[in-house]
Structure formats: structure tokens, C-alpha cells
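Shown next, in C-alpha cells, is the structure this report addresses.
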Amino acid sequence: MASNDISIKGRKVFFLNLSADVKERLPEALRKEEYEIYILDDYRYAKTILRQFPESILFLQIDEHDMNRLTTNQWFNFLNSFSEDDNLCEVLLGVMSKRMSTSMQNYFMSNLPLAAGIIAIRNLDQGILAQMRKILDLNNAKGRRQYVRARCPDNSYDYLKCSINGFDYSLKLNDLSCAGISCYLPVGATPNFQQNAVLNNMTLMVGINTKIVCSAAIFAVKPMNEKTSLLILLLLPSTTTNAKNLIRNHVFEILQGEVDSIAFGKPMEETEYPDEIVSTKKHNFLTDEHVAPGSV
């Protein structure tokens, strides 16, 4: 992706190795602010996915927890290996930790290209969100877009039910965001859908039996082929917060599923990252266990 594309489309943001409490709160909070957030649970598939998005941002939590498979030094070597891969060397890296000592922070910052910095997450409060927001905005994570949009899978059962001019319609969705949706409209029905007309109390059926009632204005009807047009709708300002949350949740279910499918059927990474720092630096990294009391 060229730099001008990033300024328009922004960057995907990945979180790897999140502890349960962080995973429950941080991604959702950032998604509500329309950052394009993805979760990676297994580092052995992370590179396979990130190679498809070489200008994305990756935040790695290095803390030990139930799902963590690597030590701090191994995580260092994992991140260090990105610079040796032509498809990963431009991924913007950041580190998160609840317990990272000053010596650890200094070593990581001095020996890794951490464009997204190091974030202490001892307390998941508004200060952490503000710090994360600042880093994401500095790295153009949103670009010019205001909302994250997802295209509905061809085999999905996402559709819109609406009534207009005495006719009832059930229309398959093409894509959706918290700002609007588009759906496929039979050409013969286009005279009933005039620009700026309002569809009141329409029903979106998305995901597994999720029903969302909202209203929208017709923005445009664009011909696609001789049988189908694309109906573009903008949700009205009166759309409830609950409706927007349900739509957003479905958007990210689709997007996360697309990312997860990249690794489906692919072999997992078998690299055994050593538990000693592999670095051109002469000095060795000291974990908390190796630091003398009172030295940091």
C-alpha cells in the first residue's frame, strides 16, 4: 500500500498475546472509536497474517499469562525477526506490558524499531486509551475514513427488510458500517427508491439472529448490471447507540473472520525462538529475575 493510500484508508491494527482482562476491554474500546482492530491469539500464525498487511500496526503484550507461550527474551527475538523479512519489515511494532521494568523498556526501545512505542498497561483506564489513541493517530491508523466498513460474505444471511410505497422488500446486504449500508436491489424496484426518501423502521437481520430496527435515508441507487442496482442508505442521526453497537459488532465479526481465514489450512510457524537475546549488541538483556535489587 502506497503512503498516499495509508493517508486515505489508514492501517489495520493487530493485538497479539493479550491477557484475558486486556482482551475483554481494550480492543472493544478502540473499536467504538472506529479504529480497525484485530486480535491475534497465536503467534505461530501471526506472521502468516501480517505478511498480507505489511503496513499494519502490531501491538504485542509480552506478559506471562495462561495463553502466553514465550518468555520475554523469546518475544524480543520474535519482534527482532521482523526486520529480516521483506514482507514484515515495514509493520509498525509496539509493546505492551503490565510489569515491564525500566531496564527492560530501555533495552527494547534501544534495540528494536518500536515505532508504536512501549505502553504500560497496569491500569486499563482512560489514560491508557488516550495514550493508545495518540500513538494510533500519529501513525495514521484511521486515514481519512470515519467509519470501519465490512463487506458481507456472499454466503451470509445478512439482509434488510423494509416497506415503501405499499411494497415490502427483503434485500441482501452488500456492506455495512455504523454510518450506513448498501444492499442489492432488483432493477424493477428502483422507481420506488427515490433519492432522499426515508425508510422508517426498517429491520436489519445480521449474524446469528441479530435483529436491528432503525431508519435510513436513500443516498443513491447505482446500476450494477441489467438485473441489479446497488441501494445506498445513510442511517439517520436518530439511530440508537444500541443499534450502532450491534452493527459495529457485526462489522468486526466479519473482518476478524476474514483475517482468521488467512491462516486457515496454513502451516503454523515452527521457529523456536531462543531464550537468549539474538542481537548485534554486545550487552545482554536483563530480565527482572536477573536485575539486582535496587538497580532499577
Side-chain angles (χ1 to χ4, degrees), residues 11-19 21-23 26-27 30 37-44 46-47 49-51 53-65 67-85 87-125 127-139 141 269 271-296:
R11 301 178 188 267
K12 298 183 188 309
V13 182
F14 293 88
F15 287 91
L16 174 60
N17 191 51
L18 294 183
S19 55
D21 57 333
V22 178
K23 184 177 180 179
L26 185 58
L30 292 172
I37 304 297
Y38 298 87
I39 298 171
L40 303 177
D41 290 322
D42 194 332
Y43 80 93
R44 294 172 297 181
K47 287 184 177 181
I49 293 171
L50 291 168
R51 287 189 183 101
F53 311 105
E55 293 182 329
S56 59
I57 302 172
L58 171 67
F59 289 99
L60 165 66
Q61 184 180 348
I62 65 169
D63 301 315
E64 294 182 12
H65 55 80
M67 295 299 293
N68 183 22
R69 294 184 174 90
L70 299 183
T71 66
T72 301
N73 284 359
Q74 288 175 311
W75 280 127
F76 178 97
N77 292 327
F78 171 79
L79 292 175
N80 198 32
S81 69
F82 278 51
S83 62
E84 301 168 359
D85 189 315
N87 294 314
L88 294 173
C89 61
E90 293 189 7
V91 173
L92 303 184
L93 303 176
V95 168
M96 302 164 56
S97 177
K98 297 179 181 180
R99 58 181 294 273
M100 201 173 194
S101 68
T102 303
S103 63
M104 293 167 70
Q105 293 184 39
N106 290 340
Y107 192 90
F108 269 63
M109 287 300 296
S110 299
N111 293 275
L112 291 173
L114 299 181
I118 295 178
I119 303 174
I121 51 173
R122 293 179 180 87
N123 298 305
L124 290 176
D125 54 19
I128 297 300
L129 286 176
Q131 185 180 3
M132 185 69 71
R133 191 185 303 116
K134 182 178 180 180
I135 292 171
L136 293 177
D137 291 346
L138 283 173
N139 287 292
E269 182 184 2
T271 304
E272 294 186 8
Y273 295 98
D275 200 19
E276 294 183 359
I277 291 295
V278 178
S279 174
T280 57
K281 301 290 184 182
K282 294 182 179 180
H283 52 282
N284 292 322
F285 174 56
L286 299 178
T287 62
D288 282 351
E289 291 74 14
H290 299 141
V291 177
S295 63
V296 295

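Taken from OH in Tyr273 to CG in Leu79, the straight-line distance is 9.0 Å, to the nearest 0.5 Å. Here CD1 of Ile119 is found 11.0 Å from OG of Ser97. Values are rounded to the nearest 0.5 Å. The line from CG of Asp63 to CH2 of Trp75 is 11.0 Å long, rounded to the nearest 0.5 Å.
Leu50 places a side-chain heavy atom less than 4.5 Å from the side chain of Phe82. Within the 4.5 Å cutoff, side-chain heavy atoms of Lys47 are placed close to those of Ser81. Taking the side chain as every heavy atom from C-beta outward, Thr72 and Tyr107 never approach each other to under 4.5 Å. Counting heavy atoms from C-beta outward, Leu70 and Asn17 have side chains that stay 4.5 Å or more apart.
Looking at residues two or more places apart in sequence or on another chain, you find a ring pair (Phe, Tyr, Trp, His ring centres under 6.0 Å) between Phe14 and Tyr38, Phe53. Applying the salt bridge (Lys or Arg N to Asp or Glu O under 4.0 Å) test to Asp21 and every residue at least two apart in sequence or in another chain returns Lys98. Here Lys23 pairs with Asp41 under the side chain to side chain donor-acceptor pair (under 3.5 Å) rule; sequence neighbours left out. Thr271 meets the side chain to side chain donor-acceptor pair (under 3.5 Å) test with Glu269; sequence neighbours excluded. Every residue two or more places apart in sequence or in another chain that forms a side chain to side chain donor-acceptor pair (under 3.5 Å) with Asp85 is listed here: Arg51. With sequence neighbours left out, Glu276 forms a side chain to side chain contact (heavy atoms under 4.5 Å, CB included) with no residue at all. Qualifying side chain to side chain contact (heavy atoms under 4.5 Å, CB included) partners for Pro274, counting only residues two or more places apart in sequence or in other chains: Asn77, Val278. For Ser56, there are no side chain to side chain donor-acceptor pair (under 3.5 Å) partners, not counting sequence neighbours. Judged as a side chain to side chain contact (heavy atoms under 4.5 Å, CB included), and not counting sequence neighbours, the contacts of Leu129 are Leu26, Ala29, Leu30, Gln126, Arg133. Applying the salt bridge (Lys or Arg N to Asp or Glu O under 4.0 Å) rule to Asp137 yields no partners; only residues at least two apart in sequence or on another chain are considered. A search for side chain to side chain contact (heavy atoms under 4.5 Å, CB included) contacts involving Asp275 returns Thr71, Asn73, Gln74, not counting sequence neighbours.
Ring pair Phe59/Phe15 is parallel by interplanar angle, where below 30° counts as parallel and above 60° as perpendicular.
Tested against Leu58, the residues Val95, Val13, Leu93 include a single side chain to side chain contact (heavy atoms under 4.5 Å, CB included) partner, Leu93. None of Leu18, Ile62, Ile118 except one satisfies the side chain to side chain contact (heavy atoms under 4.5 Å, CB included) rule with Met96; the exception is Leu18.
In terms of modelled atom types and a separation under 3.5 Å, the side chain of Glu55 and the main chain of Glu90 share no donor-acceptor contact. A donor-acceptor distance shorter than 3.5 angstrom exists from the side chain of Asn139 to the backbone of Ile135, with no hydrogens or angles considered.
Of all heavy-atom pairs between Val22 and Pro27, the closest is O-CD, 3.3 Å.
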> What do the steps show when you test Ile277 against Asn111 for side-chain contact (heavy atoms from CB on, under 4.5 Å), and what is the final call?
Replying inline: CA-CA 10 Å; Ile277 291 295; Asn111 293 275; over 6 Å; no
